[in-house]
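Below: one structure, written as structure tokens.
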Amino acid sequence: MENLRIPGPTPCPPEVLQAMTKQMINHRGAEFSAMLNSVTAELKTFFQTKNDVLCLTGSGTGGMEAAIVNMLSPGDKVLSVSCGVFGDRFADIARMFGADVTSVKFDQGIVCDPAAVKQALQKDAKIKAVLLTHNETSTGVTNDLGTLAKIVKDAGKLLIVDCVSSLGSIDCPVDKWGLDVAITGSQKGWMAPPGLAMVSVSEAAWKAHAAAKMPKIYWDFTRAKKNLEKGQTPWTPAIPVAYALNVSLKMMQKEGMQNIFARHARLADMTRKGVKTMGLKLVVHDEKYASNTVTAVWPPEGVNPDNLRKTMRDKYQVVLTGGQGVLEGKIFRFGHLGMCDEHDIQGALDALRKSLPEHGYNPK
Ligand code: PLP
């Protein structure tokens, strides 16, 4: 069997796959309603929030677009804080819908600097909202969201956070940190297939939503909330993904949130130690900010990371992913989130160790 070690979609447990073989049901009926209510309640525990949590049919990017169009009006000043492809994507979406975006950018592998964010907010009092990425999947960097969020909230701004590859895997207490909108996707740490974006909306976010004028129908949070009150979604939902998430969330509850965070920390540490032992370098500059869900690695000099990945896949059935944006063709990345254990990581590291010599590098 393939060892799918990419940062989403992640492999699904057999029970979760089995759940998806169930016949379709009426999405306006009692059975769906009970399931949606249960999924929503369980999501709230993992988001560590009392805020509303909406399940939208779409991928994580859909959730990001939903956050933008529901919070902002054309011309609104927005501060984008980015250290990679996903931070840049958030800014692009806001720009596309007419927001006036100022960007604070950090180089690949470097964490977003809270002092720079503070300075940018002090420089322009008209900024209404701040866009942050908790875990930058393209570089394997986890931002210090607690510190960043405090700066943004102390400045009285709306805080919209891409938590797509962190929520459910890395501690992200939405209420404690004051995240107004937090977004994640079913195919990441949630051990379910792609198809649902889950978004929390704070009271302040609802206020902003009431005044927001960007165009929306499909993503309209008011429609989502009104329907949720009846245990429904405004549009036909991805029912099989809801079946899957309903089961995976129960498995996650059983494992326990703190145990899940600890397992991700352990597997990330094992991955980093494994690649460093082979003499390879991590993309993240300061390991204190290394992600617990994805590890980005520089290949040895002269080794093409995409060819290396091909060998790992063809010979050892281990699937890693490549670089994105400016890092395309330059790095490779391990996913270690969702259903993943030491055996999976060891298998991937062994495949890497065996594949490297074929590309002219003998690991230490
Ligand atoms: N944001 C982050 C941090 C991600 O890792 C991803 C997906 O990899 C996305 C956004 C986009 O999610 P999707 O591919 O589900 O649209």
Side-chain angles (χ1 to χ4, degrees), residues 4-12 47 54-69 80-94 96 105-106 108-112 130-145 148 159-172 174 179 181-200 218-219 237-238 241 244-245 248 264 268 283-284 289-296 319-325 327-328 331-338 340:
L4 185 64
R5 296 269 55 86
I6 65 173
T10 60
C12 299
F47 276 60
L54 307 172
C55 288
L56 314 171
T57 288
S59 75
T61 307
M64 292 159 78
E65 181 173 316
I68 297 289
V69 297
S80 143
V81 186
S82 171
C83 60
V85 165
F86 292 104
D88 291 350
R89 183 180 298 181
F90 221 176
D92 286 345
I93 297 170
M96 190 68 80
K105 290 212 261 191
F106 298 90
Q108 310 295 327
I110 297 179
V111 72
C112 295
V130 178
L131 309 180
L132 292 177
T133 314
H134 186 193
N135 186 73
E136 181 48 75
T137 318
S138 66
T139 57
V141 168
T142 303
N143 284 306
D144 179 359
L145 186 55
L148 290 164
L159 176 54
I160 308 175
V161 191
D162 170 351
C163 304
V164 171
S165 60
S166 59
L167 258 169
S169 310
I170 299 173
D171 193 20
C172 181
V174 165
L179 315 187
V181 182
I183 306 137
T184 184
S186 53
Q187 80 279 20
K188 299 290 182 181
W190 306 99
M191 305 192 295
L196 288 175
M198 298 89 86
V199 181
S200 66
Y218 188 80
W219 297 128
V241 186
L245 195 58
S248 66
H264 282 78
V283 173
V284 63
Y289 300 105
S291 167
N292 283 346
T293 57
V294 54
T295 297
V319 180
L320 302 187
T321 196
Q324 295 170 288
L327 292 176
E328 191 176 341
I331 62 165
F332 61 91
R333 292 176 296 147
F334 283 78
H336 32 75
L337 71 169
C340 182

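For the single chain, residues carry numbers from 1 onward in sequence order. Counting convention: from 1, in listed order, for ligands and their atoms alike. Since the model is a prediction, treat every value here as computed from it, not as a measurement.
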Practice problem: Would you mind checking which non-hydrogen protein atom is closest to atom 14 (O) of ligand 1, with the distance to 0.1 Å? | Solution: Gln187 NE2, 4.0 Å
Self-check item: Under 3.5 Å: donor-acceptor pair, side chain of Thr133, backbone of Asp162
Solution: no
Self-check item: Atoms in ligand 1 with a heavy atom of Thr61 nearer than 4.0 Å
Solution: 11 (C), 12 (O), 13 (P), 16 (O)
Quiz prompt | Flag for Ser80-Ser82: side-chain donor and acceptor within less than 3.5 Å | solution = no
Quiz prompt | Candidate list His336, Arg5, Arg333, test side-chain hydrogen bond (donor to acceptor under 3.5 Å, both in side chains), partner Thr295, passing option | solution = His336
Quiz item: Would a distance-only check, ignoring hydrogens and angles, find a side-chain to backbone donor-acceptor pair under 3.5 Å from Thr293 to Ser165?
Solution: yes
Quiz prompt | Identity and separation of the nearest protein heavy atom to atom 6 (C) of ligand 1 | solution = Phe86 CE2, 3.3 Å
Quiz item: Identify the closest protein heavy atom to atom 1 (N) of ligand 1: which residue and atom is it, and at what distance?
Solution: Asp162 OD2, 2.6 Å
Quiz item: Against heavy atoms of Ser59, which atoms of ligand 1 measure under 4.0 Å?
Solution: 13 (P), 15 (O), 16 (O)
Quiz prompt | Heavy-atom check, side chain of Leu196 versus side chain of Leu245, under 4.5 Å | solution = yes
Self-check item: Atoms of ligand 1 close to Met64 [distance to a heavy atom under 4.0 angstrom, numbered from 1]
Solution: 10 (C)
Quiz item: Quick one: does ligand 1 sit under 4.0 Å from the side chain of Lys188, the backbone, both or neither, non-hydrogen atoms only?
Solution: side chain
Quiz item: Numbering the atoms of ligand 1 from 1, which are under 4.0 Å from a heavy atom of Arg89?
Solution: 11 (C)
Exercise. Find all atoms of ligand 1 within a distance of less than 4.0 Å from any non-hydrogen atom belonging to Asn135, and give their numbers and elements.
Key: 3 (C)
Quiz item: With a cut-off of 4.0 Å, which atoms of ligand 1 are near a heavy atom of Ser165?
Solution: 3 (C), 5 (O)
Quiz prompt | Ligand-residue contact atoms, ligand 1 with Thr137, heavy atoms, under 4.0 Å | solution = 2 (C), 3 (C), 4 (C), 5 (O)
Quiz item: Which of the atoms in ligand 1, numbered in the order shown and given with their element, are less than 4.0 Å from a heavy-atom of Gly60?
Solution: 12 (O), 13 (P), 15 (O), 16 (O)
